[in-house]
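A short worksheet on the structure shown next.
Proteins get letters first, then strands, A, B, ... in listed order; numbering begins at 1 in each. Computed from a predicted model, the values in this text were never measured in an experiment.
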Number of protein chains: 4
Amino acid sequence: MYSKNDAALTPPMGWNSYDYYNTCVTEEQVRANALFMAENLRQHGWEYIVIDIQWSDENAGTRDEHQYIPFSRFCIDEYSRQIPAPNRFPSSRDGAGFAPLAEYIHSFGLKFGIHIMRGIPRFACHEHLPIKTHDGRKITADMIANPASISKWNPDMYGVNHNADGAQDYYDSLFELYASWGVDFVKVDDICNTNMYPNNPYSAEKEIERISSAIEKCGRPIVLSLSPGPAVIEKAWHLEKYANMWRITDDFWDSWPLLKAMFERCEVWQNHVSPGCWPDCDMLPVGKIGACFKCFGSDEHTTNLTRDEQLTLMNLWCIFRSPLMIGAELTKLDDFTLSLLTNDEVLALTKNPAQAKLVSRSADYAVWVTRSTSSAAVFGDARDSADGVSSGANGGRGVANFYVALFNLSDDPHEVSVSVAEVHRTLFAASSTAPCANATTHARDVTCAEMPATFAVRDLWQHKETSTIKSDEVLSAKLAPHASLLVKITEER
Amino acid sequence: MYSKNDAALTPPMGWNSYDYYNTCVTEEQVRANALFMAENLRQHGWEYIVIDIQWSDENAGTRDEHQYIPFSRFCIDEYSRQIPAPNRFPSSRDGAGFAPLAEYIHSFGLKFGIHIMRGIPRFACHEHLPIKTHDGRKITADMIANPASISKWNPDMYGVNHNADGAQDYYDSLFELYASWGVDFVKVDDICNTNMYPNNPYSAEKEIERISSAIEKCGRPIVLSLSPGPAVIEKAWHLEKYANMWRITDDFWDSWPLLKAMFERCEVWQNHVSPGCWPDCDMLPVGKIGACFKCFGSDEHTTNLTRDEQLTLMNLWCIFRSPLMIGAELTKLDDFTLSLLTNDEVLALTKNPAQAKLVSRSADYAVWVTRSTSSAAVFGDARDSADGVSSGANGGRGVANFYVALFNLSDDPHEVSVSVAEVHRTLFAASSTAPCANATTHARDVTCAEMPATFAVRDLWQHKETSTIKSDEVLSAKLAPHASLLVKITEER
Amino acid sequence: MYSKNDAALTPPMGWNSYDYYNTCVTEEQVRANALFMAENLRQHGWEYIVIDIQWSDENAGTRDEHQYIPFSRFCIDEYSRQIPAPNRFPSSRDGAGFAPLAEYIHSFGLKFGIHIMRGIPRFACHEHLPIKTHDGRKITADMIANPASISKWNPDMYGVNHNADGAQDYYDSLFELYASWGVDFVKVDDICNTNMYPNNPYSAEKEIERISSAIEKCGRPIVLSLSPGPAVIEKAWHLEKYANMWRITDDFWDSWPLLKAMFERCEVWQNHVSPGCWPDCDMLPVGKIGACFKCFGSDEHTTNLTRDEQLTLMNLWCIFRSPLMIGAELTKLDDFTLSLLTNDEVLALTKNPAQAKLVSRSADYAVWVTRSTSSAAVFGDARDSADGVSSGANGGRGVANFYVALFNLSDDPHEVSVSVAEVHRTLFAASSTAPCANATTHARDVTCAEMPATFAVRDLWQHKETSTIKSDEVLSAKLAPHASLLVKITEER
Amino acid sequence: MYSKNDAALTPPMGWNSYDYYNTCVTEEQVRANALFMAENLRQHGWEYIVIDIQWSDENAGTRDEHQYIPFSRFCIDEYSRQIPAPNRFPSSRDGAGFAPLAEYIHSFGLKFGIHIMRGIPRFACHEHLPIKTHDGRKITADMIANPASISKWNPDMYGVNHNADGAQDYYDSLFELYASWGVDFVKVDDICNTNMYPNNPYSAEKEIERISSAIEKCGRPIVLSLSPGPAVIEKAWHLEKYANMWRITDDFWDSWPLLKAMFERCEVWQNHVSPGCWPDCDMLPVGKIGACFKCFGSDEHTTNLTRDEQLTLMNLWCIFRSPLMIGAELTKLDDFTLSLLTNDEVLALTKNPAQAKLVSRSADYAVWVTRSTSSAAVFGDARDSADGVSSGANGGRGVANFYVALFNLSDDPHEVSVSVAEVHRTLFAASSTAPCANATTHARDVTCAEMPATFAVRDLWQHKETSTIKSDEVLSAKLAPHASLLVKITEER
């Protein structure tokens, strides 16, 4: 037994096959990426290896016309559950499923994830094939399917009629199987935003509850990741209750307009980031990607994001604490991309217990800030200790440290700035003044000593302290188009 | 200097003149209600006396045709700031403003609030009247007004052009005046939802920032309350940053459809309730209300809500922790209504530090739950101690107490129920089992002793324990149409 | 070869099996209704006998749980085309299809219609069954189906991918078959509003074009009727180009709110009524209806519309010139309902060549007017002669006759009125004065003689002249709730 | 007395001061443009000279900061009616108003138009100034104004409360004055789409009725033009009843995306074009424009539309029969622009009585067609003779002539084509075959002789016949990006 949130106390970090392999990844390719992660990325916190969509389809490797082949049969077991296509995943033969591959991945101390579509195979319904029930009741696929609930983009499944007798049995049987294979992470698709707007973009709400319950019962902690986005903010509470991560955006790719749009999505979702609950900005389309996308007329290419844009991507994802899933083929990582993914000072932000906050945003810029551990105490804000900041033994006297990210969202060079006072107002909910070095704080009574504090400003990509700043000053940076600055600001004693 | 959130660490409770007096309340009436509160309600936590809209209008007492008189002049000072109409508030004469009345209210240990419309009087703009600037710059009302920014329902003001030179001076001058009067609470209207949907229902966002800044500077903690609703959930983060309470609904009156609709609003906003940040379900239209509404063809009447509906109202507002503002003329309170407003066991919920959660809702029912102090520790959920629950010295062994509210939203008698296990799943984010009496909890490892715990069930309106329930049982109640049950569930040792 | 519009020069009038028989009608029942129509209704203009949905499904008679049985097989021929279920339509055996039944219906001088869903059977796609092509190309159902295009309410079909090779062949093959049976009318469903709002409620636009083309080629005039509504007003031009009638409303049933809502729909569509192009208010749910609707928990009942409401229904449908399809089981018609459907004076309106116009509408009332033949000439408005009004030989001197319908839409008795001058302004586009008896008209120069004209007012339900009115007077009626008055106003010479 | 529609039997053609002069035009400039029109354009059908917004404002010539000066006073008479600013329109002094200028314009056989905002001056309301009533009732501006009804973009007026006593008097008094000046055309602004979407973009509906009634009474035919757009298609019937032209688009300027977007607007409105009823695509921003727009940071410039785009503009506006209002300063017309505006073969389309129809449209192309006079008869479609096509004396044997416009909407060269058969299907509502030279037509029975007809294809910009085409062939053109072809197709005998 476990708590939902314990499965993902910090934002999951890993690799997903989709951005490079689309629907076509093979066991050999998965193993190669796992090996690369074990040797080069694991020490920086990367741990999940996730196989994305269509792993049960034998024809996946040969398709040029369709991304998804309509009216095709894919591999299922005797209970209408998808199993790996044996031609693509040889170790899965003879009923082994993904267990051998999971074992291989686990052998490196890594974790294993898979993608599923919500629902039940359409052909199983039209052929009236059986599902597994916990008590042997005879139920067939058509009896639990909703013929009006389909994906707008994938032809494989009918949604499950959550009220049908057998609906929970079916989902229980899926996760029983996945747990037996050793699956640690499931990305469930066509479930977070079913695009039925405005009628009901969140129409699969009850299937989420069924799946969450199935995970609870399966005896194995499995991270529940929901796609696609954009998630519906009105349902934040429901996502927080039942899932570990959920996409707040439609598919993200290597394009500046999509990256710029993410700033709005993060703004809306900023107050919904907490342990076990991770609004998801989607994968990192860096390095080599897009190899198996002939159906869309494209081929392997290096990310279209500039280096500045890639840094902006990392800075936003990390300060916001999005899950991080690498899209690149790992064995083809160049040095720059590798450096992008292994900066421990930046990745540390994803483990930071505080919730980041937007200071301000326009079409031209954005400023995000967050506290670093133990920063709250100096302002005497006991309520905020929930964010993982414990008051020191010195009676509320802690260290006022924090991170600031400045982003130039415009297409021209731009100076972006924020005052230390405004950072503090944002982080400490309108406590009215700049932080002071010798504060003794009580509710409604903050006394500052006369001398403003001095802070060291450390650039997390240059890995050095680049300046100092006083508590009554303004932090400012001249930024190239689409570029950003990420600094840690630490009080000097 | 103070922190925004310190001005309202718990949901404000008080009386507001609107539901009974509409635009027409007089000083004598305000004093009578303050006296009644001091003598009968203060000991139960009620403290604010708030004068609602149109207090600067001398004609307010005589209007039958309009709620708001278009193109009228109302009372302003030499800086275009509204001042009380002297015929209605005699103590305000000779420049005293609301100071004498505030002093009277403060003398009882109560607090004083006023209503304002955002913006600047239209006639001051058309007459080019001066505003006050901090440095003596000569600026007139028209120079800071936005002629396209008006209320859809009130003809008095133009919105302030937040970019104009003088905009901040103007709002600063308002709150400087209010602080000098001793105002503790300001309800700013036409600012939370300006009804410009879908273009921009939150179009006055920047005026909120100006006002928040003015409060910070004014030297007095003033609760900032924003109206009308519904607030925009996408802007929750902004409201949490700048305001203390904001209406999540359009005007609420004594009608069951409006009360039923509030369950959806509370569902959406449940994860945004915290100290200093209070989503507001609007006033309590109980007792005698509606006296001065001839313009709408109505007159003084007793609330149209049945007693069951009134209890449902109190149960929802209190478990959700909405601000509570009584709409009734206090001096006419009957015994039932008085009992409704003075049930300390129920009102205690508003001081409860935990955030309530919806378990489930349909057209027919709703179930809300929340922890009571120290309930979390037994489940070993250290993260939740932020909600005011401190782990006991016994190594995580606390007491699993909580509140449950069951609501029948249908028009027929209905049995509403919830299992103790589901309550715990909801409160502790999917920790998977019913609470057990002898748990030792670690992350991903909860061991229960074999014996289920037993809880006492206390009905907070009957003021007695009505039953016991075990941790593997279901709490159930047969409820009349629109009725509800509010119980506290305490572990028996 | 024929013109689309020639198939329905006036609004089609007939009987449809749905309102009484739902999905379950049998050949015997159809024949009985046809016989009744031939003997009792044909002389009043009724001519179509239409078999609605699910006629290819053998199980249709036994269903209690579902309206539509998911994942069932229904009857198709060797080209994936639906054929009548032989257990329900015995004469269809041995490949006869609906030809014998059509012949029976034609023998009375009546016409025969059927319902189809757009698209191709889902099971034919999953089983890769063949379709018929004009040149023998081998194409299977899955090759022309769009797996993402389904009905939201019926599980039988996939939409046709209109770009696929074979798409036109398939629809051609359907109408070739229907023409061979002698079908005169096809109601195509899930095609007019596919409920994909706001993305694209008119997403089946290209299938409409395919079907229209198939009808052109089939060699038989077939009325093309599109369902369900509400049709999208932005696409009026497309509907006018390709179809004969289209539903401007969702399913209409015997409820006053639905009837009241139709007044708004008619208002919007009033300028799109012309020969061959009929906005459709849906069936007439009068008499005995609802017999086979156990799946919805209901059973045979007499219409819930009051007699006043039924008259209002007929008055609106007829003056607006909606198609008229009787929902009642004809053999059970009572005298009142029969009289409702056989009032030749009222039904004459559907043959009236002029387009009716709304004068005004509020929540409480509506006033519709239309010209009767030869009314325009007196006002010298040559442009309007297109509406079927020919100028007299007397140099523009015609007869100013028109119809007026007054409707009380409120729940209280209400006097509804309209001036003769306003009727004329509405009908003749702002010609400025009341009609006069001795007008000599030129553009921009109307000279009236001094004497106002006098008109006889004939009540079309009382079948008599009830009053006279002068051209400078007001026509007024005190109407019971939901009642209406329909009069013809004829100039007295 | 006159009919609304007689005021604009064909689409109005003229010049409007806005595109060049913004708010600042003077009498001298108006006179110069009128003179130019009289000498160079009148013989091609151009006749209206329209003074656009802010002619009553004395400060209009000096503004750099605002387009509209908030809280300013402008010139009104003793009845709160705007009068020309005497510094800008010297001939208007001493109560002459626009009468002398109108007389000057009329002296050339041209017509005179002015712009007004709906509503009543705000300052007149705040100052309680009188309006004129027909019977001497004393009513002031504030008594008929709606303080919540303002323009989103212009600060001058309050909307009129149409229910107020005096509302009709006020609008009557305006048009009485305009008629006395000799005004022939009024462009009423902030009335067609008040941008209150989705609540009510057509919220000024009742003011339109008041104004229409005022025009009826004023004794002078005045064209009623409504702005801004986009007009609401659901209200087409209301616009057709009360107005002569209405904007179907927001302000149109010299940008390709705006021009491309017009193809969608014309598609939607195509069935609402008729004598007296003209959906309006807005002005022609050709030649020199934009001179007085410093408030927007721009200055006089030559249109940004390429020559191909300008031809596309003219082709669409003319075949659709939009009103044509030149935006250029006429005295600065270059030869190309002059040729664009004086092509009588193209302008003849605006006088063509048939309604144009879209054949098809995609992101890449559009095809429009319309009949030329007498084209219908050959197809025996008597109903269409309403469009101005009279059957010949030869018993239905006429000439099948029509216009075709092919547009390349893509950014690449593109071949655009349409078959003659499809043209006929579109123009004659699905008569199924290509036109034949020797048809004898009856309803449902068209017999074609064997020989296909031959047509001459005349390019209306080259002014010559460029090819011939047979009735079973396809008309095709290779078009440069954004270019178009406009041809007249005439049967050869």
**OP:** Quick one: sort the His126(C) and His126(A) rings into parallel, tilted or perpendicular, breaks at 30° and 60°.
**Re:**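 Rings of His126(C) and His126(A): parallel, as their planes differ by under 30°.
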**OP:** Could you check His128(C), Glu127(C), Arg122(C) and say which one makes a side chain to side chain contact (heavy atoms under 4.5 Å, CB included) with Phe71(A)?
**Re:**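 Answer after filtering His128(C), Glu127(C), Arg122(C): His128(C).
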Original post:
With Lys260(A), which residues qualify under side chain to side chain donor-acceptor pair (under 3.5 Å), at least two apart?
Top reply: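 Side chain to side chain donor-acceptor pair (under 3.5 Å) list for Lys260(A), sorted by chain: empty.
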**OP:** Sequence neighbours left out, what passes side chain to side chain donor-acceptor pair (under 3.5 Å) with Ser203(A)? Give chain and number order.
**Re:**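 Partners of Ser203(A) under the side chain to side chain donor-acceptor pair (under 3.5 Å) test: Thr194(A).
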Original post:
What residue, out of Pro147(A), Cys125(A), Ser72(A), has the most heavy-atom pairs lying under 4.5 Å from chain C?
Top reply: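 Counting heavy-atom pairs under 4.5 Å, the top option is Pro147(A).
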Subject >> Separation between CD1 of Ile150(C) and OG of Ser149(A), rounded to the nearest 0.5 Å >> reply: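 Output value for this atom pair is 8.0 Å.
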